[in-house]
Amino acid sequence: MKLIMEIKSIVYEKKAMPTLEEHFKLEIGEHINLFEYTINKNKVKDDTINNELVTQFVDNLFRIIDDWQSNYENSNLIDGTEWNLQIMYRNGKIQSYSGKNNFPNNFEYLEKIKSELIDNIFGGEI
Amino acid sequence: MNILDINISDSLPYVVDAFANVYGEEYRDVITDRIYNKTYFFTYNNIDGISDYLYFLRSCKARELSIEFLEEIGIDVSKYKDISYAQDFDESLEKLISQYIGSYRGMTPGYIRLFPKGIKAWLPFDEEKINIEEIELQKINFINFLEQGALERTITKENFKDFCKTNEYEQILKKIEKYLQVFNEISKKYGEFLEEIQPYQNYVDQEAARKVELENQKRNQLYYQIEGSLPDELRFYLDSKYSTIDEKSRAVFGYNLGSKSFLEYFSSKDENKLLDPLISENEKNRIYRNRSYYFVVQLMAVQSSSNANDREFYEECIQQDNIKKLILPAEVVDKIKELKTKAYEELQRDFIWSSEEFLEKVKIFGNNQNSKEEVYKCIKEQSVCIIPCDIDEDNLMNFLFFTIRKDGGALDYIILHELGHSIETRKIPRRWV
């Protein structure tokens with residue numbers, strides 16, 4: 001399973017500030033024993049992370065997105081923030097959620113579980 | 001005054017200069033008027049944005065210090081002197097830093113213990129967490145990198161121990177000790193920077209704690225609200241197992257009001273999914289697994305046959321009478337879910353409406369509840385935008401809503417962008433920009 005979360009500002013061009021976008025990518029190996037993530041383009045591979053931590057993250061993720069629609073958009077705003085969440089399954093199926101200046105009500109939890117996962121790995125050191 | 005109050009008044013003359021430079025000096029007076037007299041700055045803070053900004057600031061400082069480290073140990077960094085610390089290093093610099101100290105982020109003692117790369121392999125490490133063979137490998141890699149052909153042989157795992165007894169190693173060690181002294185100074189500077197930004201971290205921590213406290217209150221209120229509709233068996237069970245309302249409410253609703261609880265997997269929607277042939281086995285298994293969690297984690301430890309999958313385990317559980325009677329009817333779960341969603345919305349609202357910052361800032365609207373509601377919506381959505389407001393037929397005031405969002409630190413760029421809208425919105429009909 002592969003998970004890509006992206007939040008980017010559409011106030012400025014991506015090319016102008018290529019490194020300032022928020023990008024979180026999580027790849028879980030076949031037996032959830034290889035874990036790879038990218039935060040602001042710093043790719044880290046970790047084959048020591050325990051399966052329990054990743055399973056917990058994935059379970060939490062599905063508990064958060066359970067009622068989500070596939071798209072959220074606020075057309076009253078001209079520019080602002082776009083976000084995208086993709087879950088790619090091993091069988092090739094892609095589950096995708098996105099939005100522009102509008103978010104699911106519980107969007108804050110997505111950041112929370114991501115931070116918890118990273119804190120658990122780094123002990124809050126980054 | 002909140003330490004996080006964003007005050008850009010000192011920068012406004014430069015903003016006017018910048019726009020006059022682009023639009024032309026003949027427009028300076030118009031630009032000045034629209035920025036000074038027709039724009040109302042409504043700045044506010046949010047936990048996620050500040051938290052992300054702190055991460056950005058730490059990254060910038062770590063990049064700056066890692067260049068300083070290279071310079072201090074005698075590497076020519078003149079070509080990197082003018083680079084922006086707000087952006088990632090190029091690949092060659094990233095690699096160079098990585099060879100000496102691992103990631104440029106690794107300045108804190110905890111991180112060093114986790115990733116002892118480059119010279120950090122000679123620092124004390126936590127033997128419980130780090131494999132000694134890994135440390136040895138890092139030492140070998142660093143020595144080979146440092147000496148790059150100056151040694152008669154390449155150091156390998158096989159000859160490393162013997163090499164450690166040589167004078168060559170003694171000389172290398174002296175060099176490494178010197179580098180480590182420099183690194184310690186750099187780490188100290190990083191620590192001082194962390195202290196400097198600690199008040200902002202305190203804001204994040206305090207606000208996060210305030211939200212948790214409010215969430216606990218809401219969850220407990222919700223429990224009292226639904227307690228009467230729970231089957232007697234479940235209520236008696238919860239009373240016998242838990243002594244506090246906190247424990248009972250968590251057992252029923254989970255920790256987070258905005259996240260689906262284990263109990264909610266017994267809803268009609270999920271029941272229908274289990275009966276739907278078009279729903280994938282994966283998704284069905286997830287429902288069974290979460291239902292099982294309800295029994296195992298929230299209610300009681302259940303023994304299972306070791307090879308049971310999610311569905312089999314769930315079915316084993318519900319064969320047991322003492323467990324079966326604790327399952328709520330789907331319609332009760334649906335009702336709980338509805339109330340929980342409402343409670344979560346109230347939590348978000350109360351969190352903002354009870355903040356000192358919000359109460360202070362909406363004072364300008366007096367008793368105008370509609371305006372306060374609009375402001376609340378903007379804050380909830382973390383909006384950064386211009387909202388034009390007609391004061392009278394001829395006059396328009398632009399409200400510039402600004403918060404530090406997850407924009408990777410590009411604050412000046414974004415506020416200039418919004419001010420650009422404010423200068424230009426005189427003819428645009430009511431539309432947020």
Side-chain angles (χ1 to χ4, degrees), chain A residues 1 7-13 16-23 39-42 44 46 48 55 58-67 72 74-81 83 89-91 93 95 101-113 115 118 121-126, chain B residues 47-48 51-52 55-56 58-59 62 84 86-88 94 103 105-115 211 254 256-262 264-265 269-270 280 282-283 286 289-290 293 337 341 344-345 348 381-385 405-410 413-414 417-418 421 431-433:
Chain A
M1 197 179 96
I7 301 177
K8 64 183 179 200
S9 171
I10 44 178
V11 164
Y12 49 78
E13 285 287 322
M17 288 186 160
T19 60
L20 297 184
E21 66 185 67
E22 169 73 8
H23 191 141
I39 309 164
N40 290 357
K41 292 195 173 174
N42 291 300
V44 183
D46 190 331
T48 57
T55 309
V58 174
D59 275 343
N60 283 337
L61 175 73
F62 281 106
R63 280 197 278 276
I64 290 165
I65 63 173
D66 188 69
D67 281 332
Y72 293 80
N74 177 355
S75 53
N76 284 326
L77 283 162
I78 294 168
D79 45 38
T81 305
W83 62 273
Y89 295 93
R90 253 173 276 156
N91 63 8
K93 191 188 158 201
Q95 203 172 331
N101 295 317
N102 198 4
F103 306 87
N105 214 13
N106 63 352
F107 196 76
E108 60 177 323
Y109 285 115
L110 206 56
E111 183 56 31
K112 199 174 166 187
I113 61 165
S115 304
I118 294 170
I121 299 164
F122 288 109
E125 297 290 346
I126 61 169
Chain B
I47 306 174
D48 288 346
S51 193
D52 188 64
Y55 174 78
F56 167 77
R58 288 196 298 267
S59 301
S84 163
Q87 300 194 355
D88 281 344
E94 190 94 41
S103 165
R105 289 180 201 286
M107 305 263 175
T108 56
Y111 195 100
I112 294 165
R113 280 196 300 276
L114 284 167
F115 299 97
K211 194 159 195 180
N256 299 321
L257 287 174
S259 170
K260 188 170 177 175
S261 66
F262 301 134
E264 286 166 71
Y265 285 88
K269 184 180 154 192
D270 285 311
S280 72
N282 259 347
E283 191 167 353
R286 201 163 38 247
R289 186 163 67 251
N290 280 286
Y293 285 156
K337 191 176 172 177
T341 304
Y344 179 58
E345 283 167 9
Q348 290 176 310
E381 295 295 330
Q382 298 180 16
S383 300
V384 171
C385 61
R405 280 191 314 203
K406 294 172 67 60
D407 288 317
Y413 194 98
I414 288 167
H417 171 96
E418 295 304 334
H421 284 311
R431 187 149 190 215
W432 296 9
V433 287

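Below, chains carry the letters A, B, ... as their sequence lines are ordered, and counting in each starts from 1.
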Subject >> Interface moiety of B/Q348 toward chain A, non-hydrogen atoms closer than 4.5 Å >> reply: side chain

Original post:
Do B/Y265 and A/R63 pass the side-chain contact (heavy atoms from CB on, under 4.5 Å) test, and can you show the C-alpha distance, the side-chain angles, and the key distance before you say yes or no?
Top reply: CA-CA 10 Å; B/Y265 285 88; A/R63 280 197 278 276; 3.2 Å; yes

Subject >> From B/S280 atom OG to A/Q95 atom CD, the distance as rounded to the nearest 0.5 Å >> reply: 8.5 Å

**OP:** Measure the CD-CD distance between B/Q382 and A/E108 for me, rounded to the nearest 0.5 Å.
**Re:** 9.0 Å

**OP:** Kindly give the heavy-atom pair with the smallest separation between A/N106 and B/G258, and that separation in Å.
**Re:** ND2-O, 2.7 Å

Original post:
When you look at A/D59 and B/Y293, which way does the side-chain contact (heavy atoms from CB on, under 4.5 Å) test go after all the steps?
Top reply: CA-CA 11 Å; A/D59 275 343; B/Y293 285 156; 3.0 Å; yes

Original post:
In terms of heavy-atom pairs under 4.5 Å with chain A, which of B/R286, B/E381, B/E283 leads?
Top reply: B/R286

Original post:
Using non-hydrogen atoms only, which part of B/N256 is less than 4.5 Å away from chain A: side chain, backbone, both, or neither?
Top reply: both

Subject >> Between SG on residue B/C385 and CG on residue A/N101, distance to nearest 0.5 Å >> reply: 8.5 Å

Original post:
Could B/K269 and A/D66 be called an ion pair, given the rule that one side-chain N must be under 4.0 Å from one carboxylate O?
Top reply: yes

Original post:
Do the two ring centres, one from A/Y109 and one from B/Y344, sit under 6.0 Å apart?
Top reply: yes

**OP:** Nearest 0.5 Å please: distance from the NZ atom of B/K260 over to the CG atom of A/N60.
**Re:** 13.5 Å

**OP:** Dump the intermediate steps for side-chain contact (heavy atoms from CB on, under 4.5 Å) on B/N282 and A/K93, then the final yes or no.
**Re:** CA-CA 12 Å; B/N282 259 347; A/K93 191 188 158 201; over 6 Å; no

